Amino acid sequence: MNAVLIALLVLPLLGAALMLAPIGEKQALRLGTTVTGGTLLLTIALAAGFDHDAPSRMQAVTDVSWIPALDVRLHLGVDGISLPLLVLTALLTFLCAVYSVKKLPAGPGGRAFTGLLLLLETGMLATFAVLDLVLFFLAFEIVLIPMYFLISRWGSGKKVAAANRFILYTLLGSAVMLLGFLLIGVKAGTFDMVKLADAHGSGLSHTTQLIAALAILVGLAVKAPAWPLHSWLPDAHTAAPTAGSVLLAGVMLKMGTYGLVRVLLPIVPDGTATYAPYLGAFAAVGIVYGSLACLALSRTGAKGDLKRLIAYSSVGHMGFVLLGIASLTPTGVNGALFANIAHGLITGLLFFVVGAVKDRYGTADLDTLAGATGAALYGRAPRIGALLAFAAVASLGLPGLAGFWGELLAMYGAFDPAAGLSRPAFVTYMVLGGLGTLLTAAYLLVVVRRVCMGDPKQPAPVAEVADLQGYEAASWTPLAALTLVAGLWPALLLGLSDPAVKHLLGSG
């Protein structure tokens, strides 16, 4: 299985290198679909060969020396926390490749687009597979350049400014995070994440843990993104092409929260416990802030962009992930990891659908889409309208769909936080999270009513538009199906993550 994990990382990298060969644009797009499809099959093989009776144990391990002078090792492995994220990454990248064969955004061409997409996949997969802090940093950085070019060259609107803001924020955050990694490596004498996690902070003084935890927390919070470090996200999503938005929301935001669980919780537990109440407070504010921003964008006359609204909704949803992590309980952290996967599925579907609506109408402006010549999807494109409504109710946390369980468990973790944390404070955060769920339902139902039904004061448009196409159904149906499966069978994910979470927290 270690060969499968290595091949999983090498295959998209080789595919990206092949894009340098003089091949046609269509051939490049088809090759990208083949490579990402092969990568997805490898992740399925990895999941099939995974020992589900021991999800807390690192499996498919490769551990060889890379830079002996610094004790940096080529250390790879997968457990119950990283396996679902690897599968999600491979799935979303494959679906983006399939979608792009028929709907390539305007830009330099298919060969460059596919090469950047495959390089991006390599970095995202590596982030969830590496077990050395230096390698984690390198993988964390690899994704920035391809996403920068995807936004700046294939995006729309103020794409260059949005790409510049994205790269500036994330690079600064990564630089701060690296300082924390170096401090841990110097003081502990190793960068090996497994050894550091097993030590659970022993060998690191309280002061060292405080400094390292703060640096790592700030760096990862930028990528999460946590309020108030989120301001790069709405611009990036608004300008990015559909595939870029799907991968940015579906995978790249998860890299930050994954780092919090994999690095912060087990390696510097004392420092994490010190900052947990502040992280919980920022998470609660982010939940309410993101919902209020979406509510403001959804009102009539606000000229709100639908892609921008979904970006702000991600700030709120990732707030629940951060709240679950801040509780420092197995319940809360499991809820955070479940919400990670659910958000990737649901928001990926939302950005696919909204991208299709924008392609058909030339705009994602809500007032235009709800006007006299607007979308009215139920009457003009009922299948797309039904998928938009499905994704919206999944996003607001309807029981039976994937969005419900993660937010519920995160709030339950806040209701009964770990020993040493202020229960009244976390109960307050839980109440704010509950308020956020009500606001989320409000703005999403407004969006569905306006886009799918149109403005009731205006005559309904009569001209038909193209409904769901074959390539769109192929790209979107797996996400809708998995959203339903995860909602009805949450043990599929929780059974993997729970033993691993307890092991990282030192409670099992």
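Because the structure is a prediction, the values reported are computed rather than measured. The residues of the chain are indexed from 1 along the displayed sequence.
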F426-Y429 aromatic ring centre distance below 6.0 Å: yes
Sidechain-backbone polar pair: K159 side chain, A239 backbone, donor-acceptor under 3.5 Å: no
Check: S497 and F338 side chains under 4.5 Å, non-hydrogen atoms: no
Side-chain donor or acceptor of W405 paired with backbone N/O of A342 under 3.5 Å: no
K187 atom NZ, over 12 foreign heavy atoms within 6.0 Å: no
CD1-CD1 distance between I216 and I267, expressed to the nearest 0.5 angstrom: 7.0 Å
Short side-chain donor-acceptor distance under 3.5 Å, T257 and N340: yes
Side-chain touch L337/L496, heavy atoms, less than 4.5 angstrom: no
Non-hydrogen atoms of V222 and Y169 that approach each other most closely: CG1-O, 3.5 Å
F191 ring center near H75 ring center (under 6.0 Å): no
Aromatic plane relationship, Y289 with Y312 - under 30° parallel, 30 to 60° tilted, over 60° perpendicular: perpendicular
Reported CG-to-CD1 distance for the pair L297 and I310, which is rounded to 0.5 angstrom: 11.0 Å
Rounded distance [0.5 Å steps], OG in S298 versus CZ in R450: 7.5 Å
Crowding at OH, Y378 (>12 non-hydrogen neighbours, <6.0 Å): yes
Non-hydrogen atoms of A283 and L322 that approach each other most closely: CB-CB, 3.7 Å
Donor-acceptor contact below 3.5 Å, side chain T170 vs main chain F166: yes
Aromatic ring proximity, centroids under 6.0 angstrom, F320 and H343: no
Main-chain N/O of G201 paired to Q209 side chain as donor or acceptor, under 3.5 Å: yes
Minimal non-hydrogen separation, L309 against C294, with atom names: O-SG, 3.1 Å
From L214 atom CG to T272 atom OG1, the distance as rounded to the nearest 0.5 Å: 11.0 Å
N/O donor-acceptor pair under 3.5 Å between E121 side chain and T93 backbone: no
Pairing of D79 and R262 as salt bridge, 4.0 angstrom limit: yes
Heavy-atom side-chain proximity of P225 to L253 below 4.5 angstrom: yes
CG on L204 to CG on L210, rounded to 0.5 Å: 11.5 Å
Side-chain donor or acceptor of N334 paired with backbone N/O of D498 under 3.5 Å: yes
Test log, rule ring-ring contact (aromatic ring centres under 6.0 Å, His included), inputs Y278 and F282: CA-CA 6 Å; Y278 305 102; F282 286 130; 7.7 Å; no
Pair listing, salt bridge (charged side-chain N to carboxylate O under 4.0 Å, His left out) test, anchored in residues 214-240, at least two apart: R165-D235, D235-R308
Exercise: identify the closest heavy-atom pair between F352 and S475: CE1-O, 4.1 Å
Side-chain heavy atoms of L366 within contact of V451, under 4.5 Å: yes
Crowding at CZ, F181 (>12 non-hydrogen neighbours, <6.0 Å): yes
Heavy-atom side-chain proximity of R299 to L295 below 4.5 angstrom: no
N/O donor-acceptor pair under 3.5 Å between T274 side chain and D270 backbone: yes
Sequence-distant partners of T329, side-chain hydrogen bond (donor to acceptor under 3.5 Å, both in side chains), two or more places apart: S327
Side-chain heavy atoms of L482 within contact of L91, under 4.5 Å: yes
Y275 atom OH, over 12 foreign heavy atoms within 6.0 Å: yes
Any S395 side-chain heavy atom under 4.5 Å of H317 side chain: yes
Beyond-backbone contact of L247 with M252, side-chain heavy atoms, under 4.5 angstrom: no
Shortest non-hydrogen contact from L328 toward A273: CD1-CA, 3.8 Å
